[in-house]
Amino acid sequence: MNSINIDRSSVVEQVADALREQMFAGQLRPGMALREGALIESLKVSRSTVREALQLLIGEGLLVREPNKGVSVRQLNEAEVDDIFRARRVLELAGVRAVVDASRRDLTNLTSRLAEYEAAVKEGSPVEIARTHVQFHMAIVGLLGSPRLTEVAKSLLSELQLAISSVDRSSDDLPEMLRVHRQIAELIRKAKVEEAVQLVDQHISNAKAFVPASL
């Protein structure tokens, strides 16, 4: 009988999805350690599957592995948060200002990402709200038409995923958050550049104000 290669990737993804859900829901908080033995017992999977899932989340910037300490949920310090938001502000405001030269494809992408965010807020999944929130802001940077800058934004926002989910959870009015994003998209579509710049800048400042408390 020929050997059969069994693809375990789906199981690994399921474990990673379960851990993401707990992180974005605030059940696994920044700085908390993840013990392989406890995960194996609670999830009823093999050690190799747990290790692959943890490595996947480390690659996404959600977890960190430290020598002699093991794996824990990523915890940003204040200096890192300041630096990420500084870079984010530069990229997103540049994206807004680039709308006058943006392609139809990139403008359509912004509209699509907003629709996904709206659907996620309606559904109420912490993972999907955080993911689509990040995708919307990446689409703003995408208006620059530079794949490299979009990748930079993806890296920055990946580091902030847990903080962004914390901001979303802390908000007692997600519909109001959604209204702001709709307004941002509308101003961008109408090429009201300075109004859009002001609103995005304010939105970023408001988001940053919530982050230190969740470090």
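Both backbone and side-chain heavy atoms feed into the values below; hydrogens, waters and symmetry mates do not.
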[Y] side chain reached by [X] side chain, heavy atoms, under 4.5 Å:
X	Y	value
E52	V11	no
H203	H137	yes
Q198	E195	no
I140	L91	no
E21	S125	yes
Q75	M32	no
E13	D17	yes
V73	L62	no

Could you see if V71 belongs to whatever hydrophobic cluster contains V64? Use Ile, Leu, Val, Met, Phe, Trp, Tyr and a side-chain cutoff under 4.5 Å.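 No: no chain of side-chain contacts under 4.5 Å links V71 to V64.
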Any chain of hydrophobic side-chain contacts (each under 4.5 Å) joining F85 to V180?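 Linked, F85 and V180 end up in one cluster.
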If you compare all heavy atoms of [X] against all heavy atoms of [Y], which two are closest, and at what distance to 0.1 Å?
X	Y	answer
E116	T132	O-CG2, 3.7 Å
R88	L156	N-CD1, 4.1 Å
E92	V141	CG-CG2, 3.9 Å
R89	S205	NH2-OG, 2.6 Å
V197	L93	O-CD2, 3.7 Å
A16	L56	CB-CD2, 3.8 Å

Please round to the nearest 0.5 Å and tell me the distance separating atom [atom1] of [X] and atom [atom2] of [Y].
X	Y	atom1	atom2	value
T108	R113	OG1	CZ	10.5 Å
R35	S42	CZ	OG	14.0 Å
D201	E194	CG	CD	11.0 Å
L178	L114	CG	CG	6.5 Å
E41	E36	CD	CD	14.0 Å
I58	R74	CD1	CZ	11.5 Å

Exactly one of E186, R179, H181 should register a side-chain hydrogen bond (donor to acceptor under 3.5 Å, both in side chains) with Q183. Which one does?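 The side-chain hydrogen bond (donor to acceptor under 3.5 Å, both in side chains) with Q183 is passed solely by R179 among E186, R179, H181.
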Against L76, only a single residue in D83, D82, L160 fulfils side-chain contact (heavy atoms from CB on, under 4.5 Å); can you say which?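 The passing option is L160.
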Stepwise, does the side-chain contact (heavy atoms from CB on, under 4.5 Å) test hold for L54 with L19? CA-CA 9 Å; L54 293 178; L19 294 175; 4.0 Å; yes
Go through it in stages, so that I can follow the logic: the residues are M23 and L63, the test is side-chain contact (heavy atoms from CB on, under 4.5 Å), and I'd like the CA-CA distance, side-chain angles, deciding distance and then a yes or no. CA-CA 10 Å; M23 283 186 279; L63 302 178; 3.8 Å; yes
The test is side-chain hydrogen bond (donor to acceptor under 3.5 Å, both in side chains); show your working for T49 and S46 and say whether it passes. CA-CA 5 Å; T49 296; S46 68; 2.9 Å; yes
Between E80 and N77, is there a donor-acceptor pair closer than 3.5 Å when you use the side chain of the first and the backbone of the second?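 Yes: the side chain of E80 pairs with the backbone of N77.
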Show the atom names and distances, to 0.1 Å, of all donor-acceptor pairs under 3.5 Å that link a side chain in residues 96-107 to residues at least two apart or in another chain.
| unit_1 | atom_1 | unit_2 | atom_2 | d |
| --- | --- | --- | --- | --- |
| S103 | OG | D106 | N | 3.1 |
| S103 | OG | D106 | OD2 | 3.2 |

Name the residue from R131, R20, K154 that meets the salt bridge (charged side-chain N to carboxylate O under 4.0 Å, His left out) definition with E60.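 Single salt bridge (charged side-chain N to carboxylate O under 4.0 Å, His left out) partner of E60 among R131, R20, K154: R20.
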